[in-house]
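What you see is a predicted model, and the numbers here were worked out from it, not measured in a lab. Numbering of ligands and ligand atoms starts at 1, following listing order.
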Amino acid sequence: MSRPFIAVIGGGAAGSMAAIEIKRRLPHARVAVYEAGRRLLAKVSVTGGGRCNLTNSFSGVSSMEQVYPRGARLMKRLFRQFSHTDAYAWFEREGVQLVTQDDQCVFPRSQNAMEIVDTLMGLLRRLDVEIATGCRMDGLMPVSGGGYRIHFAAGTEVLADVVVVTTGGSPKDAGLDMFRRLSLAVEPPVPSLFSLCLPGHPLTGLMGTVVADTAVSIPGTRYRACGPLLVTHWGLSGPAMLKLSSHAARLLHERAYRTPVIVNWMGGVSEEAVADELSRLAASHPHKLVHSIFPLCFNSRLWAYFLQQARIAPETRWNGLDRKSLNRLVALLTGQQLQVDGKNRFKEEFVTCGGVALSNVDSSTLECRRLPGLYFAGEVLDVDAVTGGFNLQAAWTMGYVVGRSVGERG
Ligand SMILES: Cc1cc2nc3c(=O)[nH]c(=O)nc-3n(C[C@H](O)[C@H](O)[C@H](O)COP(=O)(O)OP(=O)(O)OC[C@H]3O[C@@H](n4cnc5c(N)ncnc54)[C@H](O)[C@@H]3O)c2cc1C
């Protein structure tokens, strides 16, 4: 190759990182980013509510499976080349000061996603990466003798020696047809990261209530998630519910988002332990109303709801609470079954579960096994994570790895 031409399709997080890292390694190459939208990194500019939760400290993450319901093994492998600490150092080296919150999410100190966008755009420009916006790829064909013919929706075509596909999640199945036409295996896309609806349920009257430590699960399955739970006017949200929606994304889709869920309102603690805690309350405050003395993790409105559900009269005192009522209350606190009907998007944040199957790519280089010179990175692959900066981290890691792999081709 005299002057190789490398086309990056999709100018999001993974595509920008890939283009920068390719051009750094191959300054003589022609590198171009083809973006369907009017500008690059549009999604990054709205991530984290405009603050960009660009990675996570991973402290408290005991396994990749915990945060990457799809693609954990791949991410584990790729982290050897570019991990969260590498991403942290990469952005700081480029002049972005970062801060790690108490919840381990990492943001720019400026709390402004545009700082990340401007940094990446500045690098792309300085490195002389060509940028073409308004170019939606709708087909890709290998050319005999090497390289690819890229077809755009506007009817134009370009020939490239190497193609890096970073088109992000495709909520519509048809968006993946161009990869099926290359005989690549595709996992059908379904949404991930959403809250669940409880239409007409009395709990929704308690909107705004947060319980800091809960465990939610889908009965009869292995799906279970812990963390804060938020009651909204449509149902249940908050980190625990979002994690559950991510891990159980396919099952929930198959069930058309109609399923029972079980909520342990006391952080997954057993019935015996909760019964003990309530007995201690009763012993310390025997003459107080059950209504007025309750575990600190609840607010008075939620507690009143539990008492009503357990058929405990408001005038009951702790020393007057009979064993059956106590058992009903304990059962409710440790395993309330709720019937979900529908889903709701989480503050417009969602990712796609599914995409180009991981079996298509080499797990060290992300090059397509059957089609040399074709690479995939980011959410277009069947990789997605729970909230907390893990999705963008996956994009930086995969973008970097492709940059390095393409760079090593020479
Ligand atoms: C509102 C919102 C907030 C989020 N907040 C966070 C957060 O704080 N932290 C976090 O970790 N994750 C967050 N995410 C998820 C995160 O943004 C994505 O996982 C990440 O951007 C994926 O990177 P990507 O490069 O693979 O895809 P994208 O960033 O989506 O980029 C893909 C690009 O390809 C372009 N494109 C698509 N199809 C074509 C085509 N056929 N031809 C040419 N170009 C094409 C798109 O226009 C887009 O610019 C958020 C998501 C949303 C929607």
Atoms of ligand 1 under 4.0 Å from any heavy atom of Ala14, numbered from 1 in the order shown, are 25 (O)
- prompt: When the ring planes of Phe390 and Phe58 are compared, do they come out parallel, tilted or perpendicular, using 30° and 60° as the limits?
  reply: perpendicular
How far apart are the C-alpha atoms of Cys105 and Thr387, what are their side-chain angles, what is the distance that settles it, and do they pass the side chain to side chain contact (heavy atoms under 4.5 Å, CB included) test? CA-CA 9 Å; Cys105 295; Thr387 54; over 6 Å; no
Short version for Ser170: what comes under 4.0 Å of ligand 1, heavy atoms counted, is neither
For Ala13, the atoms of ligand 1 under 4.0 Å from one of its heavy atoms are 23 (O), 25 (O), 29 (O)
If we number the atoms of ligand 1 from 1 as shown, the ones under 4.0 Å from a heavy atom of Thr166 are 32 (C), 33 (C), 34 (O)
Under 4.0 angstrom from ligand 1, any heavy atom of Ala42?
-> no
Looking only at distances, can you tell me whether any N or O atom of Met137, backbone or side chain, sits closer than 3.5 Å to an N or O atom of ligand 1? yes
Residues pairing under ring-ring contact (aromatic ring centres under 6.0 Å, His included) where one sits in residues 108-160, two or more places apart or in two chains, turn out to be Tyr34-Phe152
Notebook entry, point to check: Could a heavy atom of Met178 be found less than 4.0 Å from some atom of ligand 1?
Noted result: yes
Inset, instruction - Could you walk me through whether Phe294 and Phe306 pass the ring-ring contact (aromatic ring centres under 6.0 Å, His included) test, one step at a time? - result: CA-CA 11 Å; Phe294 48 85; Phe306 288 143; 9.9 Å; no
| message | Any heavy-atom pair between the side chains of Met241 and Leu229 that's under 4.5 Å? | response | yes
Any salt bridge between Glu277 and Arg280, counting N to O under 4.0 Å? no
Side-chain donor-acceptor pair under 3.5 Å between Thr100 and Gln104, yes or no?
no
ask   = Would you say Ala385 touches ligand 1, if touching means a heavy atom closer than 4.0 Å?
value = no
So the atoms of ligand 1 within less than 4.0 Å of a heavy atom of Tyr34 turn out to be 43 (C), 44 (N)
Contacts satisfying salt bridge (charged side-chain N to carboxylate O under 4.0 Å, His left out) that involve residues 64-87 (not counting sequence neighbours) are Arg70-Asp384
Taking only non-hydrogen atoms of Gly48 and a 4.0 Å limit, the atoms of ligand 1 in range are 5 (N), 6 (C), 7 (C), 8 (O)
A student checking ligand 1 against Glu379 at a 4.0 Å heavy-atom cut-off should list atoms 18 (C), 19 (O), 20 (C), 22 (C), 26 (O)
To the nearest 0.5 Å, atom CG of Leu374 lies from atom CG of Leu182 at 7.0 Å
For Phe390, the atoms of ligand 1 under 4.0 Å from one of its heavy atoms are 11 (O)
Checking heavy-atom distances from atom 6 (C) of ligand 1 to each of Thr47, Val380, Leu41, Val351, the winner is Thr47
* Would you tell me whether Ser110 and Glu115 have side-chain atoms, one donor and one acceptor, within less than 3.5 Å of each other? => yes
Any N or O of Lys43 closer than 3.5 Å to N or O of ligand 1:
yes
Counting from 1 in the order shown, the ligand 1 atoms closer than 4.0 Å to a non-hydrogen atom of Gly378 are 26 (O)
TODO: For the pair Ser217 (side chain) and Tyr223 (backbone), establish whether a donor and an acceptor sit closer than 3.5 Å, ignoring hydrogens and angles.
DONE: no
Looking at Ile150, Val44, Val8, Thr167, the heavy atom closest to atom 40 (C) of ligand 1 belongs to Thr167
Q | Polar atom proximity, Ala395 to ligand 1 (N or O, under 3.5 Å) | A | no
